[in-house]
*Asks:* 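Would you mind keeping the following structure in view while I ask a few things?
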Amino acid sequence: MKLNSLNYDSLSPAQTVALQQELRKHIQIRPLYKEVKIIGSADISFNKGEETVYAGIVLFKYPELTVIGNYTAKAETKFPCISGLLAFRELPALLKVWEQIETKPDLMVLDGQGIAHERRMGIATHFGWLTDVPTIGSAKSRLAGRFIEPANEAFAQSEMTDKGEVVSIALRSKKNCNPIYISPGHHIDIEQSVEVIKNCIRGYRIPEPIRQAHNLVNEFRIKDIGSNAQQLLF
DNA sequence: GCGACAG
DNA sequence: ATCTTGTCGC
């Protein structure tokens, strides 16, 4: 069903926009149904200009953030980098990783937007719809939504509004650093999304789960570059 | 027409 | 996203 019908590479940008318009009708922003004991974080890495993408997911106990699992997968994509359509480039690889996980986490944090998106269908929202798992988007830069700069102190925050709707929170995770942009993906609300992310800050601008997922996929990519170079020696 | 534009 | 040195500010 949902997870087997990912032929995103064959869709034109216009078709993916239409798909986002359809999918947004099914998105639920509301409080969590169950307690969160395990969270996962996902990220992607790739070499500029190449079609190979390296995807990874790290699992943690929450709220201690003890690592309890690492998963990676390599995939090919022909879908280009287009702002607003990142999901179509990155999700197929992420789902390949997701399928490896025997015990799924209670919540996933994605590097990118949730509903803070022109059609409310950022990658975190899209991933949540595909997997039926609560998701949060934590982005390093703004896509949709305007806001007033939060005060320059840790945990200062400011609402972000798009088309008259509050879609996310600009959160200053660390003093003297630019804010990060937190939006619910699916099956969670804004307040709980910000609460979870605040509990995941460990002295860096980027929430610890995302930092670790980023490190994982980057190391995975570097190792693969190395092993490809080795093979050329034979 | 011009600027903005997740990763 | 990735590449990549020094540099400015707290």
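Every heavy atom of this structure was used, including side-chain atoms; hydrogens, water molecules and symmetry mates were not. In the text below, chain A, chain B and the rest are named by the order of the sequence lines, each starting its count at 1.
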*Asks:* If the sugar-phosphate is the primed atoms plus P, OP1 and OP2 and the base is the rest, what is the B/S/- string for nucleotides 1-7 of chain B, using protein heavy atoms under 4.0 Å?
*Replies:* ----SBB

*Asks:* Mind checking if A:Arg146 touches a base, just sugar-phosphate, or nothing, with heavy atoms under 4.0 Å?
*Replies:*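 Contact class for A:Arg146: none.
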
*Asks:* Just checking A:His214: base, sugar-phosphate only, or nothing, at a heavy-atom cut-off of under 4.0 Å?
*Replies:*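 The answer is sugar-phosphate, as A:His214 gets under 4.0 Å only of primed atoms, P, OP1 or OP2.
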
*Asks:* Using modelled atom types and a 3.5 Å cut-off, is there a donor and acceptor pairing between side-chain atoms of A:Asp106 and backbone atoms of A:Ile38?
*Replies:*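 Answer holds: yes.
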
*Asks:* Within 45 degrees of the axis of the six-membered ring of A:Phe46 and under 6.0 Å from its centre: does A:Arg89 put its NZ or CZ there?
*Replies:*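 The answer is yes, since A:Arg89 meets both limits relative to A:Phe46.
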
*Asks:* Identify the stems formed by DNA chain B, where each pair is Watson-Crick or G-U wobble with both distances under 3.5 angstrom and a stem is at least 3 consecutive pairs.
*Replies:*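 The stems: there are none.
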
*Asks:* CD of A:Glu153 versus P of C:dC10: gap in Å, rounded?
*Replies:*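 These atoms are roughly 16 Å apart.
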
*Asks:* Under a 4.0 Å threshold between the charged nitrogen and the carboxylate oxygen, would A:Lys163 count as salt-bridged to A:Glu118?
*Replies:*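 Between A:Lys163 and A:Glu118 there is no salt bridge, as every charged N stays at least 4.0 Å from the carboxylate O atoms.
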
*Asks:* Which heavy atom of A:Tyr181 sits nearest to which heavy atom of A:Met160, and what is that distance?
*Replies:*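 Scanning both residues, the minimum pair turns out to be CD2-SD, 3.4 Å.
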
*Asks:* To the nearest 0.5 angstrom, please state how far the CZ atom of A:Phe155 sits from the CD1 atom of A:Ile197.
*Replies:*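 Those atoms lie 11.0 Å apart.
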
*Asks:* Give a yes/no answer on whether the side chain of A:Asn47 brings an N or O atom under 4.0 Å of OP1 or OP2 in C:dA1.
*Replies:*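 Answer is no, no contact under 4.0 Å.
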
*Asks:* What class does the angle between the rings of A:Tyr8 and A:His126 fall in, given that below 30° is parallel, 30 to 60° is tilted and above 60° is perpendicular?
*Replies:*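 Aromatic pair A:Tyr8/A:His126 classed perpendicular.
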
*Asks:* For A:Asn176 and A:Lys48, find the nucleotide of DNA chain C closest to each by heavy atoms; which residue's nucleotide sits nearer the 5' end?
*Replies:*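 The 5'-side residue here is A:Lys48.
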
*Asks:* Can you tell me how far CD1 of A:Ile136 sits from OG of A:Ser168, rounded to the nearest 0.5 angstrom?
*Replies:*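 Rounded to the nearest 0.5 Å, the OG-CD1 separation comes to 13.0 Å.
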
*Asks:* Please state how far atom CD in A:Glu219 lies from atom P in C:dT2, giving the value in whole angstrom units.
*Replies:*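 It is 12 Å, rounded to the nearest whole Å.
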
*Asks:* May I ask you to say whether A:Lys25 pairs ionically with A:Glu22, meaning some side-chain N is under 4.0 Å from a carboxylate O?
*Replies:*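 Looking at A:Glu22 together with A:Lys25, the answer is yes, because their closest N to O distance falls below 4.0 Å.
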
*Asks:* Rounded to the nearest angstrom, tell me the gap between atom CZ in A:Arg205 and atom P in C:dC10.
*Replies:*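 Going from A:Arg205 (CZ) to C:dC10 (P), I get 18 Å.
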
